[in-house]
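The structure under discussion appears below in the form of structure tokens.
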Amino acid sequence: DVKVTQSSRYLVKRTGEKVFLECVQDMDHENMFWYRQDPGLGLRLIYFSYDVKMKEKGDIPEGYSVSREKKERFSLILESASTNQTSMYLCASSIGAPEEQFFGPGTRLTVL
Amino acid sequence: GQNIDQPTEMTATEGAIVQINCTYQTSGFNGLFWYQQHAGEAPTFLSYNVLDGLEEKGRFSSFLSRSKGYSYLLLKELQMKDSASYLCAVRVPMDSSYKLIFGSGTRLLVRP
């Protein structure tokens, strides 16, 4: 069964903290994605990666960075968390065309 | 620019049929996806259309008209468990790859 897991379901951090969100997939997928989901705005792409050590900026990369050292793992890093980064963060992976994406359960991050 | 429009909320009765519309204006088009997302859970893939016409999958069907920039998701014989958000997403070219642009989602409430 297809599986995308995220390290935490809920996370509370303070402004200025460095935050790591981890995502692991067990499907040997090439492509991995990080989105944030906010009410009324839908899912917005932060970063994606189509191979190990490769990364591409999405639509809203500011304030974020990513790391993909292994094929199965894609990490999202908030270098200095701010309150406007309070959101639901969703990781997804896909094997390629037509690129049906499989999503993880999400991490609800609150920055105080 | 990229724009995907869906109604914010819809209500329907158990056993009935409901049609959720999605219109899009995007720079490029390489397919349209529908996802279902129950509250607090990950989006799950429902359907994919790349050519004009209707794709049927059990109680769910999805239609695409590329010339009109229009799609709909049709849910028949509604069940209470169909209460969820339905996300329309368009696959568009991005640099040397593709990405999904999501609409804000349509929250469907099925009443007894």
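Naming convention: chains lettered A, B, ... in sequence-line order (proteins, then strands); numbering from 1 in each chain. These values consider heavy atoms only, across backbone and side chains, with no hydrogens, waters or symmetry-generated copies.
B:Tyr35 has its side chain within reach of A:Gln101: a pair of non-hydrogen atoms, C-beta onward, lies under 4.5 Å apart. Residues A:Leu43 and B:Leu87 have side chains in contact (heavy-atom distance under 4.5 Å, counting atoms from C-beta outward). Using a 4.5 Å heavy-atom cutoff, the side chains of A:Asp59 and B:Ile101 are in contact.
The candidate from A:Met88, A:Arg9, A:Gln37 with the greatest count of non-hydrogen atom pairs under 4.5 Å with chain B is A:Gln37. Ranked by heavy-atom pairs under 4.5 Å with chain A, the list B:Gly31, B:Pro43, B:Ser85, B:Gly40 is led by B:Pro43.
When the side chains of ILVMFWY residues are joined at heavy-atom separations under 4.5 Å, either directly or via intervening members, B:Phe45 and A:Met32 end up in two distinct hydrophobic clusters. Hydrophobic clustering (ILVMFWY, side-chain heavy atoms < 4.5 Å, transitive): B:Tyr86 and B:Tyr72 are in distinct clusters. Both B:Ile20 and B:Ile4 belong to a single network of hydrophobic side chains, linked directly or stepwise wherever heavy atoms of I, L, V, M, F, W or Y lie under 4.5 Å apart. No continuous path of hydrophobic side-chain contacts links B:Trp34 to B:Leu74 [ILVMFWY only; heavy atoms under 4.5 Å]. No continuous path of hydrophobic side-chain contacts links A:Trp34 to A:Leu45 [ILVMFWY only; heavy atoms under 4.5 Å].
More than 12 heavy atoms of other residues, nucleotides or ligands sit less than 6.0 Å from atom NZ of A:Lys71. B:Lys57 NZ: more than 12 foreign heavy atoms inside a 6.0 Å radius. The number of heavy atoms from other shown groups lying within 6.0 Å of CD (B:Glu41) is above 12.
Atom CG of B:Leu100 and atom CZ of A:Phe33 lie 6.5 Å apart (nearest 0.5 Å).
Proximity to chain B is limited to the backbone of A:Leu41, based on heavy atoms less than 4.5 angstrom apart. Residue A:Arg108 does not touch chain B at all, counting heavy-atom pairs closer than 4.5 Å. Only the side chain of B:Gln37 comes within contact range of chain A, with at least one heavy atom under 4.5 Å from a heavy atom of that chain.
When all heavy atoms of A:Gly104 and B:Ala42 are compared, the closest pair comes out as O-CB, 2.8 Å.
Scanning residues 102-112 of chain B against chain A with a 4.5 Å heavy-atom cutoff picks out B:Phe102, B:Gly103, B:Ser104, ordered by number.
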